[in-house]
Amino acid sequence: MKKLSVFVAVILMLVSCDQMFKGTTPSQSDERMDSLQSLLDQKDSELNEMLEAFNDIQDGFDQINEAEGRVNLLSENAEGNNAVANIQETMEFIENTMLENRRKIEELQQRLKQSSVNTARMQEALQKLTAQLEEKTQEIDDLRTQLAQRDVKIIELGESVEQLKTENTQVRAESKVNAEIAKNQDAQLNTAYYVFGTTKELKQQKILVDGDVLKTTDFNANYFTKIDIRRTNVIPLESKSAKILTTHPEGSYSLLKDSKGEYTLRITDAAEFWSVSRYLVIRVK
């Protein structure tokens with residue numbers, strides 16, 4: 001899919017090359033070629049990221065299918081404590097993987113909205129994944145029902161099973177708390193904020209005061225958009241004029257114009273870009 005999309009993009013652009021380069025000097029032609037190459041690189045990179053996300057989600061579904069098979073096999077031969085414990089453990093894995101796949105699909109939906117490779121085929125593939133998620137959700141519900149119908153035999157195994165369930169519940173609760181703490185810490189480490197607006201708008205929010213940006217503490221923090229720097233690397237600015245007012249290292253980003261002449265910020269090195277400040281302010285017109 002990557003090769004095909006890039007090939008089509010190249011063909012479409014090359015077809016219009018004669019018009020693009022007529023009346024230009026060699027230097028101007030080089031600049032346009034550089035711009036063209038930059039756009040192609042951007043699309044190629046975004047496409048690779050999208051394909052990787054699609055593959056991760058499909059791998060999750062494959063793992064769920066294998067786990068379902070193990071549960072069915074174990075439930076038919078649940079004659080000991082180990083079998084019950086394995087069923088519980090495998091069902092927990094299925095639940096967690098389903099939640100992770102749902103989260104990834106929701107993130108992919110948001111990323112696709114902002115992506116330059118948001119094509120009809122991409123949307124169709126995403127719809128198929130969403131349908132697969134709902135179908136798999138129903139399958140898991142049916143599996144729970146089947147296990148409930150066999151609960152009589154499982155309960156007859158005695159108090160040791162109940163004790164095992166209690167211990168597993170306590171361990172899961174502790175693990176959940178630890179995971180939540182780690183998740184919050186991780187989220188804080190990867191959180192940043194951005195805003196773009198006209199000079200008037202930035203002044204109204206006290207983000208820009210006397211020509212200085214974020215020099216006071218009473219600016220309107222709610223005016224900023226919160227992002228995860230691992231997920232957001234493309235920000236459409238919807239303006240034909242854009243200037244970054246906060247400090248971010250050169251070479252870690254690029255400002256590119258789309259077919260409408262409007263700028264889009266592309267962050268090419270997130271760690272470097274956000275190393276100086278976790279706040280991004282862009283002035284547009």
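Salt-bridge annotation for Glu106 and Arg103: absent, with no side-chain N of the basic residue lying under 4.0 Å from a carboxylate O of the acidic one. Contact check on Glu107 versus Arg231 returns a salt bridge, with a Lys/Arg side-chain nitrogen under 4.0 Å from an Asp/Glu carboxylate oxygen. Look at Glu201 and Arg283 and you find no salt bridge, because none of the NZ, NE, NH1 or NH2 atoms lies under 4.0 Å from a carboxylate O. We find that Asp228 and Arg230 are joined by a salt bridge, their nearest charged nitrogen and carboxylate oxygen being less than 4.0 Å apart.
Here CD of Glu52 is found 11.5 Å from CG of Leu108. Values are rounded to the nearest 0.5 Å. Here the straight-line distance linking atom CD of Glu135 with atom OG1 of Thr130 works out to 12.5 Å at 0.5 Å rounding. Note that CZ of Phe224 and CZ of Arg278 are 14.5 Å apart. Values are rounded to the nearest 0.5 Å. A distance of 8.5 Å separates NZ in Lys285 from OG in Ser239, rounded to the nearest 0.5 Å. Here OG1 of Thr198 is found 10.0 Å from CG of Leu208. Values are rounded to the nearest 0.5 Å. Taking CE of Met98 as the start and CD of Glu139 as the end, the distance is 8.5 Å to the nearest 0.5 Å.
The number of heavy-atom neighbours closer than 6.0 Å to CD of Glu89, taken from other residues, nucleotides and ligands shown, is 12 or below. No more than 12 heavy atoms of other residues, nucleotides or ligands lie within 6.0 Å of CG in Asp210, so this atom counts as exposed by the packing criterion. Enclosure of atom CD in Glu250 is not indicated, since only 12 or fewer non-hydrogen atoms of other residues, nucleotides or ligands lie within 6.0 angstrom. Environment of NZ in Lys104: crowded, with over 12 heavy atoms of neighbouring residues, nucleotides or ligands closer than 6.0 Å.
Residues Leu237 and Leu255 form a side-chain contact, since some pair of their non-hydrogen atoms from C-beta on lies under 4.5 Å apart. Counting heavy atoms from C-beta outward, Ile140 and Ile64 have side chains that approach closer than 4.5 Å. Using a 4.5 Å heavy-atom cutoff, the side chains of Thr264 and Glu238 are not in contact. Put simply, the side chain of Asn233 reaches to within 4.5 Å of the side chain of Arg266, judged on heavy atoms. Residues Leu129 and Gln58 form a side-chain contact, since some pair of their non-hydrogen atoms from C-beta on lies under 4.5 Å apart. Using a 4.5 Å heavy-atom threshold, the side chains of Asn220 and Ile207 count as separate. Looking at heavy atoms from C-beta onward, Ile227 lies out of side-chain contact with Thr191 at the 4.5 angstrom threshold. Looking at Met91 and Arg144, their side chains come closer than 4.5 Å, going by heavy atoms from C-beta outward.
Closest approach of Lys240 and Tyr263 over heavy atoms only: O-CE1, 3.3 Å. The two residues Glu272 and Ser275 come nearest to each other via the heavy atoms O-OG, 2.7 Å. Contact between Thr268 and Gly251 at its shortest, heavy atoms only, is OG1-O, 3.5 Å. Summarising the geometry of Thr232 relative to Ile267, their closest heavy-atom pair is O-CD1, 4.3 Å, with the distance given to 0.1 Å. For Phe273 against His248, the heavy-atom pair with the smallest separation is O-ND1, 2.9 Å. Between Lys215 and Asp212, the shortest heavy-atom contact is CG-CB, 3.1 Å.
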Residues Phe196, Leu280; criterion side-chain contact (heavy atoms from CB on, under 4.5 Å); working and verdict: CA-CA 8 Å; Phe196 60 87; Leu280 166 64; over 6 Å; no
Audit row: Tyr253, Leu265, side-chain contact (heavy atoms from CB on, under 4.5 Å) steps and yes/no: CA-CA 7 Å; Tyr253 68 93; Leu265 173 65; 3.8 Å; yes
Full working for side-chain contact (heavy atoms from CB on, under 4.5 Å) between Phe219 and Gln205: CA-CA 6 Å; Phe219 64 85; Gln205 305 304 322; over 6 Å; no
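A distance-only check finds no donor-acceptor pair linking the side chain of Asn190 to the backbone of Ile229 [under 3.5 Å].
For the side-chain contact (heavy atoms from CB on, under 4.5 Å) test with Ile282, the passing option among Thr246, Val195, Ile244, Ile235 is Ile244; the others fail.
Residues Lys136 and Asn101 have side chains that never bring a donor and an acceptor to within less than 3.5 angstrom of each other. Donor-acceptor pairing under 3.5 Å is recorded for the side chains of Asp142 and Gln138.
One hydrophobic cluster, built from ILVMFWY side chains closer than 4.5 Å, holds both Leu133 and Leu143. Under the 4.5 Å side-chain heavy-atom criterion for grouping Ile, Leu, Val, Met, Phe, Trp and Tyr, Phe54 is connected to Phe61 within one hydrophobic cluster.
Tyr279 and Tyr194 have their aromatic ring centers separated by at least 6.0 angstrom.
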